[in-house]
Each structure stands twice: as C-alpha cells, then as structure tokens.
Student: 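My structure is below; once you've seen it, I'll send some questions.
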There are 2 protein chains.
Amino acid sequence: MTAQINSIDLGVSTEDYLKAIYKLEAHGQPAQTTSIAEALQISAPSVSGMIKRLSDNGLVEHQPYKGVHLTDEGRRVALAMLRRHRILETYLMEKLKFSWDAVHAEAERLEHAASDLLIQRMALALGNPRFDPHGDPIPTESGEIETPLTVALTDVPAGKRVVLVVVGDQDPARLRFIESLGLKPGVTFDVVSHQPFRGPVEIWLVADRKNEVLGHELALSLQCSLIEEEA
Amino acid sequence: MTAQINSIDLGVSTEDYLKAIYKLEAHGQPAQTTSIAEALQISAPSVSGMIKRLSDNGLVEHQPYKGVHLTDEGRRVALAMLRRHRILETYLMEKLKFSWDAVHAEAERLEHAASDLLIQRMALALGNPRFDPHGDPIPTESGEIETPLTVALTDVPAGKRVVLVVVGDQDPARLRFIESLGLKPGVTFDVVSHQPFRGPVEIWLVADRKNEVLGHELALSLQCSLIEEEA
DNA sequence: ATTATGATTTAGTGTATCCTAAACTATATA
DNA sequence: TATATAGTTTAGGATACACTAAATCATAAT
Ligand SMILES: [Mn+2]
Ligand SMILES: [Mn+2]
Ligand SMILES: [Mn+2]
Ligand SMILES: [Mn+2]
C-alpha cells in the first residue's frame with residue numbers, strides 16, 4: 001500500500017498511463033495498446049496488463065482488441081496530472097531559470113511527488129498561467145482546459161500568415177533546434193512554400209525578417225493558428 | 001530497471017533507508033534492525049530484507065545480529081539526500097510560503113524526484129543556506145556537513161543561558177506547539193529549573209520576557225548550545 | 001550453566017510493474 | 001472465402017518492496 005499524498009494518488013506508472021491515454025484521445029486517435037506502448041516506451045504486453053489494472057480500478061473502459069476510453073474519474077486524474085506537469089514546467093522556467101528543453105524531464109518526475117498545495121502555491125507565484133512554455137494549455141484546478149484551434153504547419157497553405165501556438169515538449173534536441181531558428185510560441189511567420197513528397201516547408205519570420213526552411217517532420221509537430229490577412 | 005535521474009538513483013525506499021541509517025550513526029547509536037524499523041515505520045523482517053539488498057549493492061556493511069555501517073558510497077548517497085531534503089524544506093518555506101510544520105512531508109517525497117540541477121538552482125536562489133528551517137545543517141554539494149556541538153535541553157543545568165539550535169522536523173503538531181511558545185532555532189533563553197523524575201523544564205525567554213514550562217519529552221528533542229555567561 | 005527475553009533472520013506471501021515468447025484475433029488482400 | 005499480417009492478449013518469469021508467522025541467536029538474569 002502506497003502512502004496517499006492527496007485525494008488522488010495512484011502511483012507513478014498509473015498516472016503516466018492516464019496522461020498518455022488522455023493525449024491520444026485528445027488527438028482524436030483511439031487509445032490502442034500499441035499507441036500507448038509507443039508513447040510510454042513500454043512493451044505492448046505490459047500495456048495490456050496495465051490496462052487490465054486501470055480497468056479494474058474504474059479509470060478506463062476497455063474494449064478488447066479495440067482500445068480504451070477514460071472514465072470520468074480517469075479523465076479527472078489525467079487533467080490533474082497535466083496541470084501539475086505544466087505548472088511545474090512553467091515554474092522551473094520562470095523561477096528557476098531552467099531552459100525550455102530541460103523542464104519536461106524534470107516535471108515528468110516531480111508531477112508524481114508534488115502535493116496539490118505545492119502546485120497551487122507555484123501557480124499562484126506565477127499568476128495562474130494559462131499556457132506552459134511549449135504553448136500547451138494548463139487545466140484549471142477544477143479540470144477545465146481550453147484547446148485553441150490549431151493546424152499543423154504542414155497543413156497551412158502557402159501564402160498564409162500564422163502564429164506559432166504549440167511545440168511538442170518531449171525532445172530536448174528538437175526544442176534547442178527550434179529555438180535556434182527563432183521559433184517559439186507566439187512568433188508570427190508566413191508560409192512561403194511547401195515542397196511535395198513530405199518535403200521541407202519554407203517560412204518567412206516576420207519579426208526577424210528572415211527565411212528558414214523546416215523539414216517535414218519538424219513542421220508536422222508545430223501547431224499554428226491562422227491570422228486574418230491584413231487589408 | 002528504474003530510469004536513472006542523476007549519477008546516483010536508487011529508488012525511494014533505498015534512499016530513505018540510507019538517510020535513516022546515517023542519522024542513527026550520527027547520533028552515535030549503532031544502526032540496528034529494530035531502530036531502522038522504528039525510524040521508518042516498517043516491520044523488522046522487511047528491514048532485514050532491505051539490509052540484504054543494501055549490502056549486496058555495497059551501500060552498507062552488515063554484521064548479522066549486530067547492525068549496519070554505511071560504506072563510503074552509502075554515506076555519499078545519504079548526505080546527498082540530506083542536502084536535497086533540507087534545501088527543499090528551506091526553499092518551500094522561503095519561496096513558497098509553506099509553514100515550517102508542512103515542509104518535511106513535502107520534502108520527504110520531492111527529495112527522490114528532484115535532479116541535482118534543481119537542487120543546485122534552489123540552493124542558489126536561497127543564497128546557499130547552511131541550515132534548514134529546523135536548524136539542521138545542510139551538507140555541501142561535495143558532502144561536507146558541519147555538526148554544531150549541542151546539548152539536549154534536558155541536559156542543560158539550571159541557571160544556564162542557551163540558544164536553541166535544532167528542533168526535530170518530523171511531527172507537525174509538535175512544531176506548531178513549539179512555535180506557539182515563541183521557540184525556534186536562534187531564540188535565546190535561560191534554563192530556570194528542572195523537575196526530577198523526567199518532569200518539566202522551566203525556561204525564561206529572554207526576548208519575549210516570559211516564562212514557559214516544557215514537558216520532559218519535548219525538552220529532550222530540543223538541541224541547544226550554551227552561551228558564555230555575561231560579566 | 002541454564003533459561004527467559006528480546007532482537008534478528010528465515011520462510012512464505014502479496015502487490016505493482018516490467019519483460020519475452022507464444023497464442024490468438026481482426027482485417028485486408030488475394 | 002482463405003490466408004497473411006499486424007495488433008493484442010495470455011503465459012510465464014523477474015525485481016523491488018512490503019507483510020506475518022516461525023525459527024534462530026545473543027545475552028542477561030537466575
Ligand atoms: Mn511522469
Ligand atoms: Mn510542456
Ligand atoms: Mn523520502
Ligand atoms: Mn528539516
């Protein structure tokens with residue numbers, strides 16, 4: 001029996017599974033064994049076993065050979081974890097001068113050890129931020145989350161002007177590269193051209209007044225929102 | 001196999017055992033199975049099992065039916081954990097307005113999840129403090145620790161003037177009570193009298209200009225240092 | 001020297017989480 | 001419709017860490 005920290009407290013693995021499942025569902029994809037396994041870097045049989053346990057605990061509904069859906073309780077926990085993670089990331093960057101590529105790994109561990117009180121105090125010290133350093137929305141204490149409408153950069157037609165909204169937070173090297181291009185959430189740029197066959201995307205950085213070329217895979221991971229054309 | 005955070009990383013239980021063993025040894029007591037069991041609130045057979053594992057991993061030397069001694073490696077880890085714990089406690093109090101009775105429980109969990117970088121950044125933000133909120137010394141990054149010479153209040157003769165140096169950090173209710181008396185590390189008072197048969201201790205708080213009476217058990221947990229009599 | 005007592009270890013379990021290898025299911029394709 | 005393939009689950013095993021009950025050891029008191 002593990003010591004209860006807060007109202008919820010389900011162990012490191014369980015909490016990470018619920019987050020992963022939430023993210024898959026949020027992306028519209030069904031949360032299948034294999035996708036969860038890939039997201040968490042765990043073997044598929046292990047995921048099958050954990051799904052059994054999650055299901056027994058009423059955190060997911062499982063349709064064998066299909067995938068899982070979060071129950072209300074499961075979603076509640078997932079959103080609480082997302083809040084913890086993102087508050088922690090923001091705090092580490094703002095108050096402790098962590099670089100934006102280092103915060104994810106640190107938050108991935110702290111999220112399971114921090115009490116609700118700690119998260120609440122950090123949020124307060126930050127002025128209750130609504131987005132984390134990578135542009136992801138931070139759920140409120142009551143579990144509300146705003147999901148800005150965005151498009152992957154690969155789906156923005158040439159000629160359009162966009163604001164970068166979200167960059168994935170997983171890969172430190174990728175984040176350092178993105179930063180080196182002058183890109184981060186909030187930056188405005190024009191899409192100049194797309195090369196076919198999953199080729200690179202050319203963009204024009206408005207503030208920096210310079211062109212950059214991004215590989216297809218990188219562009220796929222950048223979520224943007226379109227800006228109305230100016231007159 | 002657990003993911004490696006830093007150079008060291010031995011799992012929550014292992015780290016807590018090493019801290020407990022260090023504290024027992026530091027108090028001069030041999031680190032016996034039962035004392036460890038009592039400190040960690042774990043059954044003696046469980047401790048026996050863990051001692052086997054610690055010994056196999058070269059963290060302690062075990063003399064069956066006698067007790068354990070930390071190896072150099074074990075001591076290194078224990079001091080690193082003590083540093084983490086105490087930096088965290090201090091940070092929570094100074095920067096996040098935690099009360100001094102709440103920091104211990106929080107640090108007890110965070111100490112296993114925080115990276116060396118995080119601890120270093122917190123220490124820096126605090127100006128590399130040398131003592132935690134309960135008066136315990138904070139080991140340096142290289143593992144040095146200063147141990148002020150102190151006496152339990154129960155051993156201070158009547159008539160002597162002392163400064164309170166260390167109060168234990170475990171029991172929140174006790175800490176709140178101590179605080180309500182106007183006591184905390186750094187406070188100066190005179191020992192007025194001791195009642196025999198483990199009776200109460202009467203003290204005179206110099207700054208507050210008031211008397212207080214402390215139970216024997218409480219007095220036993222207050223570490224003081226004597227002040228030279230003034231001329 | 002013997003025995004009572006308390007401390008310690010051993011034996012046997014249980015839970016959570018991971019793994020690989022093998023079996024099974026769903027489905028797309030021929 | 002039969003089968004190949006990809007995805008999933010089952011079977012069997014490992015590790016870390018906790019527990020209770022029983023056996024063993026050390027030692028202090030008779
Ligand atoms: Mn995590
Ligand atoms: Mn993030
Ligand atoms: Mn701890
Ligand atoms: Mn302390």
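In the text below, chain A, chain B and the rest are named by the order of the sequence lines, each starting its count at 1. Just so it is clear, the model here is predicted, and its values are computed rather than measured.
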Student: Whole-Å distance between dT17(C) P and Asn57(A) CG?
Tutor: 9 Å

Student: So, is Ser13(A) close to the dA16(C) phosphate, meaning a side-chain N or O under 4.0 Å from OP1 or OP2?
Tutor: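 Looking at the OP1 and OP2 atoms of dA16(C), neither is under 4.0 Å from any side-chain N or O of Ser13(A).
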
Student: dA7(C) phosphate, OP1 or OP2: any side-chain N/O from Thr33(B) under 4.0 angstrom?
Tutor: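 Checking Thr33(B) against dA7(C): no side-chain N or O falls below 4.0 Å of OP1 or OP2.
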
Student: Please determine whether a side-chain nitrogen of the Lys or Arg among Arg86(B) and Glu89(B) lies less than 4.0 Å from a carboxylate oxygen of the Asp or Glu.
Tutor: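 A salt bridge is absent here (no side-chain N lies under 4.0 Å from a carboxylate O).
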
Student: Out of Asp16(A), Val12(A), Leu10(A), which one pairs with Thr14(A) under the side-chain contact (heavy atoms from CB on, under 4.5 Å) rule?
Tutor: Leu10(A)

Student: Is it true that Glu108(B) and Lys19(B) make a salt bridge, defined as a side-chain N closer than 4.0 Å to a carboxylate O?
Tutor: yes

Student: Rounded to the Å, how far apart are Ile51(B) CD1 and dA18(D) P?
Tutor: 12 Å

Student: For a quick test of reading the model: is some side-chain N or O of Thr14(A) closer than 4.0 Å to OP1 or OP2 of dT17(C)?
Tutor: yes

Student: Taking 4.0 Å as the cut-off, does a side-chain nitrogen or oxygen of Ser46(A) come that near to OP1 or OP2 on dC19(C)?
Tutor: yes

Student: Provide, to the nearest angstrom, the distance between the CD atom belonging to Glu15(A) and the P atom belonging to dA16(C).
Tutor: 14 Å

Student: Would you mind reading off the distance between Met50(A) atom CE and dT15(C) atom C1', rounded to a whole angstrom?
Tutor: 12 Å

Student: Look up atom CG in Leu117(B) and atom CZ in Phe98(A), then write down how far apart they are to the nearest 0.5 Å.
Tutor: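 Answer for the CG-CZ pair, Leu117(B) versus Phe98(A), is 4.0 Å.
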
Student: Detail all sub-3.5 Å separations between protein N/O atoms and N/O atoms belonging to nucleotides 27-29 of chain C.
Tutor:
{"residue": "dT27(C)", "atom": "OP1", "partner": "Lys66(A)", "partner atom": "NZ", "Å": "3.2"}

Student: Considering just the side-chain nitrogens and oxygens of His62(A), establish if one lies under 4.0 Å of OP1 or OP2 belonging to dT9(D).
Tutor: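 Yes, within the criterion.
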
Student: In whole angstrom, what separates Leu18(A)'s CG from dT17(C)'s P?
Tutor: 11 Å

Student: Would you mind reading off the distance between Gln29(A) atom CD and dG7(D) atom C1', rounded to a whole angstrom?
Tutor: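 Checked: the CD to C1' distance equals 16 Å.
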
Student: Ignoring backbone atoms, establish whether Ser43(B) has a side-chain N or O less than 4.0 Å from OP1 or OP2 of dA18(D).
Tutor: no

Student: Within this structure, what is the CG-to-C1' distance between Leu10(B) and dA16(D), rounded to whole angstrom?
Tutor: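 So the CG-C1' distance, Leu10(B) to dA16(D), works out to 13 Å.
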
Student: Is Asp56(A) salt-bridged to Lys52(A), going by a charged N under 4.0 Å from an acidic O?
Tutor: yes

Student: Is the distance between the ring centroids of His104(A) and His85(A) under 6.0 Å?
Tutor: yes

Student: Hey, does the side chain of Tyr17(A) come within less than 4.0 Å of dC18(C)'s phosphate (OP1/OP2), counting only N and O?
Tutor: yes

Student: Let me know the distance between CG of Leu54(B) and P of dC17(D), rounded to the nearest Å.
Tutor: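 To the nearest whole Å, that distance equals 8 Å.
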
Student: Backbone N or O of Ile138(B) within a donor-acceptor pair of the Arg83(B) side chain at under 3.5 Å?
Tutor: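 The answer is no, because no donor-acceptor pair under 3.5 Å joins these two groups.
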
Student: May I ask you to establish whether Arg75(A) and Tyr22(A) are in a cation-pi arrangement, using a distance under 6.0 Å from NZ or CZ to the six-membered ring centre and at most 45° from the ring axis?
Tutor: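 Because its charged atom misses either the 6.0 Å distance or the 45° angle limit, Arg75(A) does not stack over Tyr22(A).
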
Student: Where each residue is assigned the nucleotide of DNA chain D containing its nearest heavy atom, which of Gly49(A) and Pro64(B) is assigned the position nearer the 5′ end?
Tutor: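 Nearest-nucleotide comparison on DNA chain D picks Gly49(A).
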
Student: Toward the 5' end of DNA chain C, which comes first, Gln41(A) or Thr34(B), by nearest nucleotide?
Tutor: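 On the 5' side of the pair lies Thr34(B).
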
Student: Do the side-chain N or O atoms of Arg53(A) get closer than 4.0 angstrom to the phosphate oxygens (OP1, OP2) of dT17(C)?
Tutor: yes

Student: Would one find a side-chain N or O of Gln32(B) under 4.0 angstrom from OP1 or OP2 of dA7(C)?
Tutor: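 Gln32(B) to dA7(C) OP1/OP2: no side-chain N or O under 4.0 Å.
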
